Amino acid sequence: MMRAIIAIIGLLALGGCVGDAPVPDQPTMYLSMANGGATLDPQAAASMISLYRQNNGLGAVAVDPELMKLAEQQSQAMAKRNKLDHDVKGPLAKRLNGSGYPATMAVENVSAGYHTLAEAFSGWRDSPPHRANMLKNGVTKLGIAAIYAPNTKYKVFWTLILAST
């Protein structure tokens with residue numbers, strides 16, 4: 001009888017320890033960008049897109065700081081004008097050249113209305129032209145941005161630039 005009581009006390013003590021364990025955070029690909037404090041995780045985006053590319057026989061992509069800036073500028077321009085448009089700041093080639101970025105190849109996906117990276121990625125994957133861009137042979141770098149604009153139709157504007165130098 002005494003053993004049973006000690007065993008029960010021991011289990012209760014262990015149960016108390018389990019209750020104190022921190023709850024894991026949600027993966028950043030599911031973080032809603034539709035709030036002012038959200039920050040996009042570019043490494044998560046690079047991982048997701050690289051895995052998708054590798055599953056299709058292509059090489060991985062890495063985050064490029066200059067492409068990050070260009071993607072951010074494009075998303076900000078779309079949000080400011082409340083307009084989904086590749087050319088809102090001019091064609092991609094002109095924007096790359098204007099910034100001095102030495103791209104030998106570059107493609108761009110823009111979208112709006114998706115609240116999470118997972119949603120944006122799925123939308124691009126399910127759209128033949130956007131899918132083709134993510135699976136462009138030879139690209140090695142990416143820049144991605146999501147801008148929250150609460151007073152706009154779409155709320156979140158996305159830009160993904162894939163390039164090689």
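Owing to the predicted nature of the structure, the values given are computational and were not obtained by experimental measurement.
- Inter-residue side-chain proximity for Leu160 and Glu108 is flagged as unmet; no heavy-atom pair is nearer than 4.5 Å.
- The structure places CZ of Arg95 at 7.5 Å from OG1 of Thr159, a figure rounded to the nearest 0.5 Å.
- A distance-only check finds no donor-acceptor pair linking the side chain of Ser127 to the backbone of Gly123 [under 3.5 Å].
- No side-chain heavy atom of His130 sits under 4.5 Å from any side-chain heavy atom of Met134.
- By the 4.5 Å heavy-atom criterion applied to side chains, Ser111 and Tyr114 are counted as neighbours.
- No side-chain heavy atom of Thr116 sits less than 4.5 Å from a side-chain heavy atom of Phe121.
- The stretch residues 135-157 participates, sequence neighbours left out, in these side-chain hydrogen bond (donor to acceptor under 3.5 Å, both in side chains) pairs: Lys141-Thr165.
- Taking the side chain as every heavy atom from C-beta outward, Ile49 and Leu142 approach each other to under 4.5 Å.
- Side-chain contact between Leu40 and Trp158: present, with at least one pair of heavy atoms (C-beta onward) separated by less than 4.5 Å.
- Among residue pairs with one or both ends in residues 32-45, those qualifying as side-chain hydrogen bond (donor to acceptor under 3.5 Å, both in side chains) are Thr28-Asp41; sequence neighbours excluded.
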Practice problem: I would like to know whether Ile144 and Leu117 meet side-chain contact (heavy atoms from CB on, under 4.5 Å); could you show each step before the answer? | Solution: CA-CA 10 Å; Ile144 188 167; Leu117 173 58; 3.9 Å; yes
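- In this structure, the side chains of His86 and Leu92 stay at 4.5 Å or more apart for every pair of heavy atoms.
- Between Ala145 and Ser75, the shortest heavy-atom contact is O-OG, 3.5 Å.
- Going from atom CH2 of Trp124 over to atom CG of Asn109 covers 5.5 Å, rounded to the nearest 0.5 Å.
- Residue pairs meeting the side-chain hydrogen bond (donor to acceptor under 3.5 Å, both in side chains) criterion with at least one member in residues 63-73, sequence neighbours excluded, are Asp64-Tyr101, Glu66-Lys69, Glu72-Gln76.
- Under a hydrophobic-cluster definition in which Ile, Leu, Val, Met, Phe, Trp and Tyr are linked whenever side-chain heavy atoms come within less than 4.5 Å, directly or via other members, Val107 and Met48 are assigned to the same cluster.
- With rounding to the nearest 0.5 angstrom, the CG atom of Leu58 is 4.5 Å from the CZ atom of Arg53.
- In this structure, the separation between CE on Met78 and NZ on Lys83 is 11.5 Å, given to the nearest 0.5 Å.
- Here NZ of Lys94 is found 12.5 Å from CG of Leu96. Values are rounded to the nearest 0.5 Å.
- In the hydrophobic cluster analysis, where Ile, Leu, Val, Met, Phe, Trp and Tyr join through side-chain heavy atoms closer than 4.5 angstrom, Leu70 is grouped apart from Met105.
- Residue Gln74 comes nearest to Asp87 through the heavy atom pair NE2-N, 4.5 Å, listed as atom of the first residue, atom of the second, then distance.
- Nearest approach of Pro42 to Val63, heavy atoms of both residues: O-CG2, 3.5 Å.
- Residues Val156 and Ala146 approach most closely at CG1-CB, 4.1 Å, considering heavy atoms.
- Annotation: side chain of Leu162 is not in contact with side chain of Leu67 (no heavy-atom distance under 4.5 Å).
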